[in-house]
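Take this structure, written in structure tokens, and hold onto it; I'll ask about it next.
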2 protein chains.
Amino acid sequence: MAEQHELRDKGLRLTPQRELVLSAVRELGHATPEEVAEKVRATHPGINLSTVYRNLETLENVGLVQHTHLGHGGATYHASEVLTHLHLVCGTCGSVGDAPIDVAANFVQNLADDYGFKTDVSHFAIYGLCAACVK
Amino acid sequence: MAEQHELRDKGLRLTPQRELVLSAVRELGHATPEEVAEKVRATHPGINLSTVYRNLETLENVGLVQHTHLGHGGATYHASEVLTHLHLVCGTCGSVGDAPIDVAANFVQNLADDYGFKTDVSHFAIYGLCAACVK
DNA sequence: CGCTAGTTGCGAAATATTCGCAAGTAGCAG
DNA sequence: CTGCTACTTGCGAATATTTCGCAACTAGCG
Ligand SMILES: [Mn+2]
Ligand SMILES: [Mn+2]
Ligand SMILES: [Zn+2]
Ligand SMILES: [Zn+2]
């Protein structure tokens, strides 16, 4: 069953733009659609921003990428294979720190037990004050 | 010291628009700027949307209202006196449930202990699947 | 009463994201 | 290898959301 290309395996057509968008997301770690477009333009200058938006959506639909909300505005995308982690966003200095998902294990369990809610702790960032700004 | 009006107490001028925006936020519970504007227009038809945005910002600066991110897009505002609670947003059906902040007490403590991070658990919603959609 | 700084309404600008459509192309069938 | 068709792309325009500049207005103080 292991076919020739991960995009084809997901039932997607293999276009240069689509491959470039996926690579860009992987290389950037976290990126906004605009940043992904910029990255792709390094090798494919003509790519249109709407093509980036459309491909991010398509890639998300088949589970190759995911989006997260780190700030008050738009979303950022990351590859799915990156083992998910929490984002600790500081409201004062704007820094974004990471933390392993298991610091939330107990919390997630509480929500499951009390509300039957299956939590995806990394979709939204965790907001607050970083250690530096607490002082 | 207890002066004559809560807005004046905060050092703000008392304008009809400002009072109406604050009342609207209180009556609506959670509301987008657009919804606040709509509510205010019931009694003050001419209010401009930018006046609503500016007043929400002003009211937030003095701590009378706060904003939260419930969805992928813009912010919603609520009065500060509402004892804060978590928002459980379902990614499938879009429902927004509430939960008392103390279900997160342990999680908040972990982040404080491990990262010195002072968490505001209610600024961003908690995303996942509601009990109904888990099935 | 007047003055002055803070506010408002309004139109325009800045952002961010989505859409319609015609031209281009990936992949399958023959 | 060739042709067909559905899927994609580029592009410009449309939406949607939030912010600004500015002149007119007014709350609050003296
Ligand atoms: Mn915010
Ligand atoms: Mn989202
Ligand atoms: Zn900080
Ligand atoms: Zn649901």
Side-chain angles (χ1 to χ4, degrees), chain A residues 3-25 30-62 64-77, chain B residues 3-25 30-62 64-77:
Chain A
E3 290 174 31
Q4 70 282 4
H5 192 290
E6 62 182 331
L7 291 177
R8 309 256 28 240
D9 289 353
K10 298 287 187 177
L12 299 180
R13 283 202 188 171
L14 197 152
T15 69
Q17 290 90 338
R18 188 162 288 163
E19 284 189 287
L20 287 163
V21 166
L22 180 54
S23 302
V25 170
H30 288 117
T32 62
E34 188 65 57
E35 290 164 341
V36 170
E38 224 167 284
K39 178 83 178 172
V40 172
R41 290 200 186 103
T43 55
H44 188 109
I47 196 170
N48 194 273
L49 188 53
S50 33
T51 298
V52 173
Y53 272 99
R54 285 184 291 222
N55 275 316
L56 287 172
E57 186 183 353
T58 300
L59 293 170
E60 185 159 37
N61 287 338
V62 298
L64 286 171
V65 308
Q66 287 174 253
H67 78 265
T68 313
H69 300 276
L70 297 185
H72 303 190
T76 61
Y77 288 80
Chain B
E3 289 174 31
Q4 68 283 4
H5 191 289
E6 64 182 328
L7 290 178
R8 311 263 18 245
D9 289 352
K10 297 288 186 177
L12 298 180
R13 283 203 188 170
L14 197 155
T15 70
Q17 291 90 338
R18 187 162 289 163
E19 284 190 286
L20 287 163
V21 166
L22 180 54
S23 301
V25 170
H30 289 116
T32 62
E34 188 64 61
E35 290 165 340
V36 170
E38 223 169 286
K39 178 83 179 176
V40 172
R41 289 199 186 104
T43 56
H44 188 108
I47 198 171
N48 193 276
L49 187 54
S50 33
T51 299
V52 172
Y53 272 97
R54 286 185 290 223
N55 275 316
L56 286 172
E57 186 181 354
T58 300
L59 293 170
E60 185 159 37
N61 286 338
V62 298
L64 287 170
V65 307
Q66 286 174 253
H67 78 265
T68 313
H69 301 275
L70 297 185
H72 304 189
T76 61
Y77 288 80

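Side chains included, hydrogens not; waters and symmetry mates left out as well; all remaining heavy atoms used. Residue numbers begin at 1 in each chain, while the letters A, B, ... track the order of the sequences.
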| field | Atom-to-atom span, NE2 of A:H72 to C1' of C:dA16 - whole angstrom | value |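 Distance check: A:H72 NE2 to C:dA16 C1' gives 17 Å.
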What does the list of N/O pairs under 3.5 Å between the protein and nucleotides 28-30 of chain C look like, with a distance for each?
none

| message | Holding to side-chain hydrogen bond (donor to acceptor under 3.5 Å, both in side chains), I want the full list of residues that pass it with B:E34, two or more places apart in sequence or in another chain. | response | none
| query | Can you name the residues that form a side-chain hydrogen bond (donor to acceptor under 3.5 Å, both in side chains) with A:E35, not counting sequence neighbours? | reply | A:T32
| In whole Å, what is the span from the OH atom of B:Y77 to the C1' atom of D:dT17? | 12 Å
| message | Taking side-chain hydrogen bond (donor to acceptor under 3.5 Å, both in side chains) as the definition, give me every residue that meets it alongside A:R18, ordered by chain and number, with sequence neighbours left out. | response | A:N55
| task | For the residue pair A:V25 and A:L59, establish whether any side-chain heavy-atom pair is separated by less than 4.5 Å. | result | no
| task | Under the side chain to side chain contact (heavy atoms under 4.5 Å, CB included) rule, collect the residues that match up with B:N61, sequence neighbours excluded. | result | B:E57
| task | Check whether any side-chain nitrogen or oxygen of B:N48 sits under 4.0 Å from OP1 or OP2 of C:dG11, and answer yes or no. | result | no
| task | Taking side chain to side chain contact (heavy atoms under 4.5 Å, CB included) as the test, write out the residues that go with B:E38, two or more places apart. | result | none
| said: On the nucleotide D:dG10, are OP1 or OP2 found under 4.0 Å from the side-chain N or O atoms that A:S50 carries? | reply: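 No, A:S50 has no side-chain N/O under 4.0 Å of OP1/OP2 on D:dG10.
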| said: Tell me the interatomic distance from A:L56, atom CG, to D:dT9, atom P, rounded to whole angstroms. | reply: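 Going from CG in A:L56 over to P in D:dT9 covers 11 Å.
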| Of the non-hydrogen atoms in A:A37 and A:I47, which two are nearest, and what is the gap between them? |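 For A:A37 versus A:I47, the nearest heavy atoms are O-CG2, 4.2 Å.
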| task | Work out how much the helix from C:dC1-D:dG30 to C:dG30-D:dC1 bends between its end axes, five pairs an end, to the nearest 10 degrees. | result |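 What I find for the helix from C:dC1-D:dG30 to C:dG30-D:dC1 is an axis angle of 30°.
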| message | Side chain of B:I47, heavy atoms from C-beta onward: which of D:dT18, D:dT9, C:dG9 has the nearest atom to it? | response |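 Of the candidates, C:dG9 comes closest.
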| remark: Between A:L49 and A:P33, the two heavy atoms sitting closest are CD1-O, 4.1 Å
| message | Contact list please: residues 12-21 of chain A against DNA chain D, heavy atoms, distance less than 4.0 Å, in numerical order. | response |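 A:R13, A:T15, A:Q17, A:R18 - these, ordered by number, are the residues of the stretch whose heavy atoms sit under 4.0 Å from the strand.
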| query | Which atom pair, heavy atoms only, marks the closest approach of B:L56 to B:V65? | reply | O-CG2, 3.8 Å
| request: Output the residues of residues 32-44 of chain A in contact with DNA chain D, where contact means a heavy atom of the residue under 4.0 Å from an atom of the strand; sort by number or write none. | output: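 Residues of residues 32-44 of chain A that come under 4.0 Å of DNA chain D are, in numerical order, A:H44.
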| field | By side chain to side chain contact (heavy atoms under 4.5 Å, CB included) - contacts of B:S50 (at least two apart) | value | B:N48, B:R54
| note | Between CG of A:N55 and C1' of D:dT8 the distance, given in whole Å, is 8 Å
| A:T51 and A:V21, any side-chain heavy atoms less than 4.5 Å apart | no
| task | Kindly give the heavy-atom pair with the smallest separation between A:E19 and A:L14, and that separation in Å. | result |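 So the two residues come closest at OE1-CD2, 3.3 Å.
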| remark: Residue set satisfying side chain to side chain contact (heavy atoms under 4.5 Å, CB included) with A:T43, at least two apart, ordered chain then number -> A:L20
| Starting at CG of B:L49 and ending at C1' of D:dT17, how long is that distance when rounded to a whole Å? |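 My rounded result for the distance is 9 Å.
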| said: Which nucleotide wins on minimum distance to the side chain of B:R54, given the candidates D:dT9, D:dC22, C:dT17? | reply: D:dC22
| Integer-rounded Å distance: C:dT17 P and A:E60 CD |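 Answer to the nearest Å: 13 Å.
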| said: Pick the closest DNA chain D nucleotide for A:T58 and for B:Y53 by heavy atoms, then say which residue is nearer the 5' end. | reply: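 Nearest nucleotide further toward 5': that of A:T58.
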| query | For B:H69, which residues count as a side-chain hydrogen bond (donor to acceptor under 3.5 Å, both in side chains) partner, sequence neighbours excluded? | reply | B:H67, B:H123
